[in-house]
Structure formats: C-alpha cells, structure tokens
Amino acid sequence: MRAPVLLVIAHGSRDPRHAATVHALVRRVRSLRPGLRVETGFLDFNAPSVSRVLERLAFEGVREVVALPLLLTRAFHAKSDIPAVLGRAPACLDIRLADVLGPSPLLLATVERRLQEALHEAGLAPADKRSTGVVLASAGSTDPEAIAVIADVARELRHTGWCAVRPAFASAVSPGGNPRTEDAVRELRASGVRRVAVAPYVIAPGFLPDRIARGAEDADVLAGVLGTAPELARLLLVRYDSARQRAQLPQALSA
C-alpha cells in the first residue's frame, strides 16, 4: 500500500533565502526516507501555494495526504490559516493534519547544535556554555499558548547546562512582557553572565530572523537558524508517522 504523501506547509516569505532553506530541509527529509513522496506548499509569497499542490495531487489520483505545518508553535497560522486552506481541498483527498513541530526534544537538540556550532566558530569550547547566557529569540506571537511554549523551551534549554536563558521575541511583544532580543541581551549582561549568545528559534532566514540578528549586535555569539539540521529533518518524519495513525481531518474542516 502506498504511503500517504507528506505535504510540508511553510509560511513563505519575500526573502528568497526562506524558500531555499525550506526546499533544502525537504530534500533532507526525502534523503532520510527514500520512496516517500514529499511535497512543499506555501501559505503566502512563494509558489506553489498549498491549494495548488492539493489540486495537483488530487488530479494525479493521490488519495491520502499528511499535511505538516512547518511551524514551531500552535499560533494563528496553525489554528486558523492552515485548517482553512485544508478545508478547501478537493473532497477526494483524505487529509491528516500533523502536529506543529514544537515542543520536542529534537527541536531542543537542534537549538543546542546551532549554539555549539556558534561557540566553536567563536573559538570557544563546549564547556564554555556553563558561563554563557542564552537569549532564545523567537519570531513572536500574541497567542498565549505559543508564548507559554517558548517559555517552556527556554526553561528546558537552561537545564542543558547554560548559565541562564531568557526568551525574547523579534516582534509582537507578548502580554506577559517577553522582551525584544536586544532587551534580553541587556538583561543578561546586567545579571553578570560572562558572555551572551543569541539562539534564533526560527526555521529559515527572513525579515524577522534579520531583526533578531540586529538585536544580537551586542551579544558575543549569534547562532544560526534551525535550517536543515538533521534533528529537524527527523522531527518532520516523527510528526508524519504520528499523523498517519490518526483519523481523517474533521468534517468541520473539510466542509
């Protein structure tokens, strides 16, 4: 029996680096599971759109699809945009909606990988994490659930050995008062940590990751975006496998 097609749903960006990174990540997923058909669709800015991919799959006779949001938290796009576009899919498609990527130990491992790479590039050793504070800088959200997840990830990262971790947002300062990247860098400096590293909690380059980088100008270390890390590619397959075991998309979404 043919496995369901994996449709990776990315946000999209006017920045060409965004789509290039998404496509590179998808290629890595394909390399991990040869024979699995993996497609990519974008919500905005980039082609092909999610709707266009779904129409093409239906035309080709595909009947089962696992739709996987390339999102780190369950905020507006996961709760509204993606269910809406899937609800307009051809009726012949059996669509299973996978969970967003976070939280997950594999995501935490990806952040750790990027931080260790950045320490190495700065001439520091892995043991230097004990005297390094980290700003975990996400794109931003006003969704309370997403804000809580980012705070939880920051706490989990602190438990891996960094001397302090602060969550920060590139935009949409939260009702709970999460600071911008530059504010969190200053807070860590004021607390007396020896050095400060900024870890972008974003998948691909773009406008908001660039804002994170600008906010990290006074930091000692800036890690890379999560990008095509092997842990992240494996996580996509974990979410795919889990969704395959679930029931069809609720009728309310497919009406």
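The first residue of the sequence shown is numbered 1, and numbering continues consecutively from there.
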Can you check whether [X] reaches [Y] side chain to side chain, under 4.5 Å on heavy atoms?
X    : Y    : answer
R155 : R158 : no
L101 : L236 : yes
V111 : V134 : no
P69  : L97  : yes
T73  : D143 : no
L124 : R195 : yes
P103 : L108 : no

Examine distances only and state if a side-chain atom of R114 and a backbone atom of G224 form a donor-acceptor pair shorter than 3.5 Å.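 Checked: no pair found.
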Go through it in stages, so that I can follow the logic: the residues are E112 and K129, the test is salt bridge (Lys or Arg N to Asp or Glu O under 4.0 Å), and I'd like the CA-CA distance, side-chain angles, deciding distance and then a yes or no. CA-CA 10 Å; E112 183 73 19; K129 69 186 293 183; 2.6 Å; yes
Would the number of heavy atoms belonging to other residues, nucleotides or ligands and lying under 6.0 Å from [atom1] of [X] be above 12?
X    : atom1 : value
R52  : CZ    : no
R194 : CZ    : no
D241 : CG    : yes

Atom [atom1] in [X], atom [atom2] in [Y]: separation rounded to 0.5 Å?
X    : Y    : atom1 : atom2 : value
L237 : L232 : CG    : CG    : 10.5 Å
L71  : D81  : CG    : CG    : 9.5 Å
D220 : D128 : CG    : CG    : 11.0 Å
R14  : D44  : CZ    : CG    : 7.5 Å

Taking it one step at a time, do E64 and R96 satisfy salt bridge (Lys or Arg N to Asp or Glu O under 4.0 Å)? CA-CA 8 Å; E64 292 186 285; R96 290 167 171 80; 3.5 Å; yes
Please test I95 against L54 for side chain to side chain contact (heavy atoms under 4.5 Å, CB included), starting from the C-alpha separation and ending with a verdict. CA-CA 10 Å; I95 301 177; L54 291 171; 4.3 Å; yes
Can you confirm if the aromatic rings of F42 and H77 lie within a centre distance of less than 6.0 Å?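 Centroid distance H77-F42: not below 6.0 Å, so no.
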If you compare all heavy atoms of L115 against all heavy atoms of A197, which two are closest, and at what distance to 0.1 Å?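 Taking L115 first and A197 second, the nearest heavy atoms are CD2-CB, 4.0 Å.
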Would you call the rings of H11 and F45 parallel, tilted or perpendicular, where under 30° means parallel and over 60° means perpendicular?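 Because their plane-to-plane angle lies in the 30° to 60° range, the rings of H11 and F45 count as tilted.
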